[in-house]
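All remarks here apply to the structure that follows.
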Amino acid sequence: MKNQDVVELLNDIADMLEIRGESTFRVRAYREAARQIENLQEDVAALATEGKLTDIRGIGSSIAEKIHEFVTTGRSEYRENLARTLPPGLAELLEIPGIGSRKALLFYEKLGISTIDELEQAAREHKLQELPSIKEKTEQNVLEGIERLRQKSTRMLLGVALPAAEEVIRMLKQHPSVERIEVGGSIRRMQETIGDIDILVASSSPKDAINAFTSLPIVKAVIAKGGTKASILTRQDLQIDLRVVSPEQWGAALQYFTGSKPHNIQLRSIAESRGMKINEYGIFRIDTGERLAGREECDIYSTLDMLCIPPEIRNATGEIEAAMKGELPNLIDISDIRGDLHCHTDWSDGANSIEAMAEAAKARGYEYLVISDHSVSMGFIHGLSTDRVREQRAIIDDLNKSYKDFKLLQGIEVNIRGNGNLDYPDDVLARFDVVTASIHSGLAQPREQITQRMIKAMQNPHVDIIGHPSGRLIGRRDPADFDREVVFSTAVETGTAMEIDSQPDRLDLKDTDARRAVDMGVMVAINSDAHTTDQLDLIRYGIATARRGWVEKDDVLNALPLEDLMARLGKKK
DNA sequence: GCCGTTTTCGGCCCGACTGTTTTCAGTCG
């Protein structure tokens, strides 16, 4: 039983309660409980056994009981009973933009509609117009909503959304009506996947700014357009939302527009308990209506006597409490990074030469770069034979003679085989400056087996780092089910670092795992895993993931200067 | 359904846009 199973249970129940038109607060309670468990560091089944579920904020006796039943029996009578009162699939109607619980229930009760296909057919046959308060426009919107849902299908990777947003910002910035502009929403929080692209503009002539936005050359359709906000669909079918505020409201709007939603809810509750009110226009005293702040974002936080919270950690998982105590983490910054410990060259599956990668690293101000091509069992991508390891070493040594204030290190991304053995004998591993051990196959092994496999690799005295530990590919391949507790504590014992791989479809360790790891004292290595010179820049996504995981400079192996790094790597052996 | 430096009952973040309504409900973020 995984935490994620319980999250699904609670969200399922919330969906069904919502459709049945139950109190929104009851629905919200289930969703909040699901969210808390999603962010939970511990194993929810263990907490249930110990009777500690109600220690979790947002979980009271009623939800605790349902979770307990579910983790002990694998079933939930409550969910099954609810499901019996509703046709399966009705919840999918809620996925359609513009359809909420009221309309879904209306369609089901009056027309017997319970699937998206049935709804589409009814709309095409104009049957929806027979309902009260539904006219032609709504019917059209239903069809368009279904169309949009089908095109959207999956969330996009941050690595796709962020460059797209930056492109729009580049174009809009040139317009005279645009005074300040920044990306907001989940992109500003650097969440690993993104639904919509949110952009905020400060302008004294909002109409002009909105018109500039809706007439950008990339616009395929205008979804909504008002005096202060608009939504467009781009030619690539990305939805982009723009909000325009006056320059005096910039800070409050940026705060509001960045979210996350639970973070803002918590913040507003705190404001209310102090006789203040926050909205996107500022922070106000409730009694007099006096505006206390709003021009700059951090002023909102300081008005509430807390430190300014970095966007990446605005998730209502303890950051507000920390900010009130003045104890926010000093998050790792990209400028703290001294070098990259994981990249590939044309010696295995990379595109560029060792020298080109070194030049690119130098151009980025790095002190060192670790060349870590694939090992011998990755034959299909030219994994290095023992002979080629020796040849590569000679080339690296030679190049180093010409560098000043920069050092090229020879590493390896050694494959962890199915039984936990590594691809080279110890005497070969001993020749590398840095050894990263990674699992590339057998990711679906049972928990016990894959955990033992990782432990065995970490116990090898030459292994410095475990590469992309879970092996997940976002949206394409599930993470390995290794025991986080056991693996992270073994990492501490053996002095092995865990990688945060920066490839946008990996981001592995993920944010919550990274937070748990550094909490337990694990060092992390934030690496690009670049296969081209340009990809060295992907490290910004790994940095973002680390920041979301509350990782500080002292937790990061490659924030160390070269000398300290080498001393640290030498210590394990 | 949860929760409590006013509270064990009565609240629960807040505002814009849309469509269908002459004053508001539904939906979204």
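Just the heavy atoms: all of them, side chains too, but no hydrogens, waters or symmetry mates, feed the values below. Just so it is clear: chains get the letters A, B, ... in the order the sequence lines come, proteins before strands, and each one is counted from 1.
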Problem set entry | Any pair counted as disulfide (SG to SG under 2.5 Å), so long as it reaches residues 212-292 of chain A, sequence neighbours left out | none

Does [X] pair with [Y] as a salt bridge, N-O distance under 4.0 Å?
{"X": "A:Glu22", "Y": "A:Arg26", "value": "yes"}
{"X": "A:Arg79", "Y": "A:Asp15", "value": "no"}
{"X": "A:Arg180", "Y": "A:Glu248", "value": "no"}

Interatomic distance where [atom1] belongs to [X] and [atom2] belongs to [N] [whole Å]:
{"X": "A:Glu144", "N": "B:dG19", "atom1": "CD", "atom2": "C1'", "result": "14 Å"}
{"X": "A:Gln266", "N": "B:dC2", "atom1": "CD", "atom2": "P", "result": "18 Å"}
{"X": "A:Asn141", "N": "B:dC17", "atom1": "CG", "atom2": "C1'", "result": "12 Å"}
{"X": "A:Arg243", "N": "B:dG29", "atom1": "CZ", "atom2": "C1'", "result": "9 Å"}
{"X": "A:Asp198", "N": "B:dC17", "atom1": "CG", "atom2": "C1'", "result": "15 Å"}
{"X": "A:Arg28", "N": "B:dC14", "atom1": "CZ", "atom2": "P", "result": "10 Å"}
{"X": "A:Glu95", "N": "B:dT27", "atom1": "CD", "atom2": "P", "result": "14 Å"}
{"X": "A:Glu32", "N": "B:dC13", "atom1": "CD", "atom2": "P", "result": "10 Å"}

Can you pull every protein N or O that's under 3.5 Å from an N or O on nucleotides 3-9 of chain B?
from  : atom 1 : to      : atom 2 : distance (Å)
B:dC3 : OP1    : A:Gly58 : N      : 2.7

Need one value for [X]: base, sugar-phosphate or nothing, where a base atom within 4.0 Å counts as base even if backbone is also close, heavy atoms only.
{"X": "A:Lys261", "answer": "base"}
{"X": "A:Phe257", "answer": "nothing"}
{"X": "A:Gly259", "answer": "nothing"}
{"X": "A:Ile96", "answer": "sugar-phosphate"}

Does a side-chain N or O from [X] land closer than 4.0 Å to OP1 or OP2 of [N], or not?
{"X": "A:Lys229", "N": "B:dG29", "result": "no"}
{"X": "A:Arg26", "N": "B:dG1", "result": "yes"}
{"X": "A:Thr138", "N": "B:dT18", "result": "no"}

With sequence neighbours left out, write down each residue that passes salt bridge (charged side-chain N to carboxylate O under 4.0 Å, His left out) with [X], or none if nothing qualifies.
{"X": "A:Asp537", "answer": "A:Arg364"}
{"X": "A:Asp478", "answer": "none"}
{"X": "A:Lys277", "answer": "none"}
{"X": "A:Asp505", "answer": "A:Arg476"}

Suppose you measure atom [atom1] in [N] against the same atom in [M]; what distance do you get, rounded to whole Å?
{"N": "B:dC12", "M": "B:dT8", "atom1": "C1'", "result": "16 Å"}
{"N": "B:dT21", "M": "B:dG26", "atom1": "C1'", "result": "12 Å"}
{"N": "B:dG4", "M": "B:dC13", "atom1": "P", "result": "14 Å"}
{"N": "B:dT6", "M": "B:dG11", "atom1": "C1'", "result": "12 Å"}
{"N": "B:dC14", "M": "B:dC9", "atom1": "C1'", "result": "24 Å"}
{"N": "B:dC28", "M": "B:dT20", "atom1": "P", "result": "16 Å"}

For this session: Give, ordered by number, those residues of residues 274-308 of chain A having at least one heavy-atom distance below 4.0 Å to an atom of DNA chain B; if nothing qualifies, reply none.
Result: A:Lys277, A:Ile278, A:Asn279, A:Glu280, A:Tyr281

Seminar exercise, completed: Any strand, both distances under 3.5 Å, Watson-Crick or G-U wobble: B:dT8 pairs with none

Exercise. Quick one: do the A:Thr512 and A:Arg548 side chains pair a donor with an acceptor below 3.5 Å?
Worked result: no

Exercise. Considering only side-chain heavy atoms of A:Thr228, which listed nucleotide, B:dG29, B:dG1, B:dA16, is closest?
Worked result: B:dA16

Seminar exercise, completed: Contacts of A:Gln129 meeting side chain to side chain contact (heavy atoms under 4.5 Å, CB included) (sequence neighbours excluded), chain-then-number -> A:His126, A:Glu136, A:Glu139

Exercise. Looking at residues at least two apart in the chain, or sitting in another chain, which of them share a side chain to side chain contact (heavy atoms under 4.5 Å, CB included) with A:Asp299?
Worked result: A:Ala293, A:Glu296, A:Ser302

Seminar exercise, completed: On DNA chain B, more 5' by nearest nucleotide between A:Glu139 and A:Asp241 is A:Glu139

Grab the N/O contacts between the protein and nucleotides 21-26 of chain B below 3.5 Å, and write none if there aren't any.
from   : atom 1 : to       : atom 2 : distance (Å)
B:dT21 : OP1    : A:Lys135 : NZ     : 3.2

Exercise. Which pairs count as salt bridge (charged side-chain N to carboxylate O under 4.0 Å, His left out) when at least one residue sits in residues 259-274 of chain A, sequence neighbours excluded?
Worked result: A:Arg274-A:Asp305

Exercise. According to the salt bridge (charged side-chain N to carboxylate O under 4.0 Å, His left out) rule, which pairs have a member within residues 208-221 of chain A, sequence neighbours left out?
Worked result: A:Lys220-A:Asp237

